[in-house]
Amino acid sequence: MTLSEAIETLKTTLDPRKFLQSLERAADFYSESDSEQDSDSGDDSGNGPSDSSSGSQSGDSFKGSGAAVKTAALSNGTTPLIKLTDVWKIYQMGEVEFAALKGIDLEIYEGEFVVVLGPSGSGKSTLMNLLGCLDLPSRGAVFLQDRDISELDESELARIRGQMIGFIFQSFNLIPTLGTLENVTLPLEFQEMDPGKARRRAEYLLDIVGLSDKKKNLPSQLSGGQRQRVAIARSLAVNPPVILADEPTGNLDSKTGNYILEFLEKLHEQEGKTIIIVTHDLELVKYATRVVYIRDGEIEKIEHAEKHAEKHAEKHAEKNEMEE
Amino acid sequence: MRNATYVKMALNMLLHSKLRSWLTIIGIVIGVGAVVGIISLGDAMEAQVQSRLADMDLTKITITPGYSGAQSRMPGPGGPGGGGSSSTDAELTDDDVDALQGIDGVLYIDTQISGSEEVDYAGETATLSITGVDPQVWQYMNTLEVGSGRLLEPADKNVAVIGSSIATEIFDQEIGVNQVITVNGKSVRVVGVLEEEGGSEDRKIYMPLDAAVNLIEDAEEDVFDSIVVKVESEDLVDPTIEEIEERLMVSRQIHQEKDRDFSLSSSLSMAESVTEMTSSMTLFLGAIAAVSLLVGAVGIANTMFTSVLEKTKEIGTMKAIGAKNRDILMIFVVNSAMVGFVGGVFGVMLGGFVSTLFPYLGVTLMRGGSGAGTGLSPDLMAFGLGLAVLIGVLSGAVPAYRASKLKPVDALRYE
């Protein structure tokens, strides 16, 4: 399976209609979306990147993703989405070598909600960079869909990042000179999507995060929570299978932070998105299906939030039954 | 990423750029303005020279007494300005004219004397240059245009043809045809007024040689300040010069180059040297202007480096969300090209404005200027813009390359 095939397969596992249903509720949370939303969203659902797949196909594949959640939670069977084998990251600091990561082995499966928990300096940011294909390991290998990312050249890595991973940063990292809508459109432009389609998609996503009335605003004119919502909309722009968040609530008050996390949880539950959050905040553990404790560059322990995970899996199973 | 997106992103960067960027643009504005202005000046000068050359008779050879060793003398087209400058008291006489008879391709031989004398008219006095010419041939040898009246004719005695500015400017009262002016106390009737030519030509009085000899102090019969020879065509100028040289050496019994006491100059070689001088001056001024453009380019490069540094985190973000190295490179190069383009637009406007000022600045090289076509040609505008964009791209290339090569992880960490 080539990389692009893999990406396509992953994308078709997402049902745009599902996505809509779940996220409309999220939009209601802020009640900023108006009555037009229904018709808007109805139009826009057809414009999603996965509109090539027919309704029945996506229905089937959604079942598949539900199963994936189950298996992933139990950590057996199928190929991991991301696999780290004996990964070292060593920084040269003058004369001294400093190992930020010391032989990490980690497998992340499709549909998981993984929280990487560690104090500052534990190497969790370095780990995130590797998971996000932003950096290459000094030793060991990072496999994405069974493919070693060290073997890929820069433009291929950029393509993987652009198509498979949605980044959410602690400090939001919006482009300050671009308006909200343009910020959300940007990843689609890097993927050379048709401008009209990209625009509609971005408008739709802004609607979902409840910011459809702030399309023209610059990031500096938004509150922290609003900025992070724009960042989430941006991370969803290309409809990537993986959302990678680095301290997404670090710069937010707890109420806004909770909204963001609940939003991510919905993405996980209802879309089957694989969510990876890197944080030092113990609070976030409650959302996880699996918690990776990291300290001094080593994995201290991995904890399965069995109950939580099962609950999710059951939920999915029920839903699928109901649909059938 | 599409080209339109590069343009959009680059334009966004430009529009949100800080005062610093606009100051950088000023460097390019001045540079392009100077280069365009000077090229425009050069073009205008060349056009002037060309139009004068077209008017000018390039088939004349002027012989003057004295020899300064090199062809450094540049007498005006109508005749030499003064006598010999060498230490010997060389003279040109009838003998020399005789020696020149019978050369193949020579049409006319004119003998001239010149001097500055006081001219009175209507109670005013002015010192003007008077040239005595051979009325038999003079009218066939020159390219002067008559405004009113006529040129000198063989039978003329105490009459004169005057330049246009003598007629209209020098004296309060305008001099018309058949008016009488007084030269050194003697009355001279004006038979013709020349068209405006520009330059010193307009301030000359032409008279028949015999009459002029009487009027001009120090002048003697059969002694000339210059002999002007007209040949059939431009091609004959050089061989005829050689022939004249040989004949005069023989007739004046000069055996060695160092004893030579006469000079030859042709309007053709003069025209060539003027053209050469004009273009080399344009080149020189252009080179100076180019230096200011270079400084502008360095300014752009500097600003781009700073801009890349400032936007490091944004670059990291863009790479994280899928920008390829090439995308980043293109965004910055296009941005830099835009900076150049904006500078070019204003620079061309500045250059155009400056070139309209040339006539007022008294750029006398253009011989009176006559205000001829000092607007910028479309070609020159396109050249100025193209140059500015090129400079933008070149000076932005290295910073943009550096930006594109930033590792996403390092760029994201940058604060």
Side-chain angles (χ1 to χ4, degrees), chain A residues 89 91 100 125-137 153-179 182-195 198 218-220 231 234-238 240 244 246, chain B residues 1-22 303 306-332 334-335 338-339 400-415:
Chain A
K89 186 70 195 178
Y91 292 107
S125 291
T126 310
L127 182 61
M128 189 202 106
N129 291 336
L130 292 172
L131 290 173
C133 301
L134 292 168
D135 206 356
L136 297 174
D153 68 17
E154 182 279 329
S155 65
E156 282 176 302
L157 280 177
R159 204 177 54 149
I160 289 177
R161 286 196 294 267
Q163 297 183 347
M164 290 201 58
I165 300 163
F167 286 91
I168 300 172
F169 301 95
Q170 177 174 7
S171 46
F172 324 129
N173 287 27
L174 300 174
I175 306 299
T177 54
L178 292 179
E182 290 168 308
N183 260 295
V184 179
T185 322
L186 195 56
L188 298 171
E189 282 175 351
F190 288 131
Q191 300 308 321
E192 304 195 358
M193 193 193 234
D194 170 71
L218 290 176
S220 56
R234 181 179 67 184
S235 74
L236 292 172
V238 295
L244 191 53
D246 181 15
Chain B
M1 208 168 173
R2 286 184 200 80
N3 289 344
T5 317
Y6 296 140
V7 172
K8 198 190 94 185
M9 292 292 292
L11 189 64
N12 180 270
M13 260 167 70
L14 182 70
L15 293 178
H16 287 88
S17 54
K18 304 201 169 136
L19 178 64
R20 195 181 55 224
S21 306
W22 297 103
T303 306
T306 322
S307 169
V308 166
L309 209 62
E310 239 175 29
K311 292 183 187 297
T312 301
K313 197 163 184 178
E314 284 173 46
I315 293 166
T317 306
M318 287 199 273
K319 286 197 158 189
I321 62 175
K324 298 182 180 71
N325 285 1
R326 187 172 174 276
D327 296 334
I328 304 291
L329 180 80
M330 286 304 287
I331 288 172
F332 278 90
V334 172
N335 175 256
M338 278 180 182
V339 170
Y401 180 77
R402 291 251 292 245
S404 77
K405 286 291 168 192
L406 282 173
K407 282 172 70 182
V409 58
D410 295 336
L412 276 172
R413 206 186 294 137
Y414 185 87
E415 287 298 335

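Owing to the predicted nature of the structure, the values given are computational and were not obtained by experimental measurement. Just so we're on the same page: letters track the sequence lines, and every chain starts at 1. Values below: every heavy atom of this structure, side chains too, minus hydrogens, waters and symmetry copies.
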Next on the checklist: I'd like to know which of B/Thr317, B/Leu15, B/Asp410 tops the heavy-atom pair count under 4.5 Å against chain A.
Outcome noted: B/Thr317
Checklist entry - Within a strict 4.5 Å, meaning less than it, do heavy atoms of the A/Leu186 and B/Met9 side chains meet? => result yes
Item to check | Pairing residues for B/Lys18 by the salt bridge (Lys or Arg N to Asp or Glu O under 4.0 Å) criterion, not counting sequence neighbours | outcome: B/Glu310
Item to check | Between CG on residue B/Leu412 and CG on residue A/Asn129, distance to nearest 0.5 Å | outcome: 7.5 Å
Checklist entry - For A/Ser125, is it the side chain, the backbone, both or neither that has a heavy atom under 4.5 Å from a heavy atom of chain B? => result neither
Checklist entry - When rounded to the nearest 0.5 angstrom, what is the spacing between CD in A/Glu189 and CG in B/Asp327? => result 10.5 Å
Checklist entry - So, do B/Pro408 and A/Arg161 sit near enough that their side-chain heavy atoms are less than 4.5 Å apart? => result yes
Next on the checklist: For A/Leu244, which atoms come within 4.5 Å of any heavy atom of chain B: side chain, backbone, both, or neither?
Outcome noted: neither
Checklist entry - Of all residues at least two apart in sequence or in a different chain, which pass the side-chain hydrogen bond (donor to acceptor under 3.5 Å, both in side chains) check with B/Asn335? => result none
Checklist entry - How close do A/Ala158 and B/Ala323 get, heavy atom to heavy atom, and via which atoms? => result CB-O, 3.6 Å
Item to check | Nearest atoms (heavy-atom pairs only) where B/Met318 meets A/Ile175 | outcome: CG-CD1, 3.9 Å
Checklist entry - When rounded to the nearest 0.5 angstrom, what is the spacing between CD in A/Glu154 and CZ in B/Arg326? => result 11.5 Å
Checklist entry - Between A/Leu178, A/Thr177, A/Leu134, which has the largest tally of heavy atom pairs under 4.5 Å with chain B? => result A/Thr177
Checklist entry - Just how far is it from atom CZ of A/Phe190 to atom CD1 of B/Ile321, taken to the nearest 0.5 Å? => result 5.0 Å
Checklist outcome for this item: Per-residue tally against chain A (heavy atom, under 4.5 Å) across B/Lys319, B/Lys311, B/Arg413, B/Lys407 peaks at B/Lys319
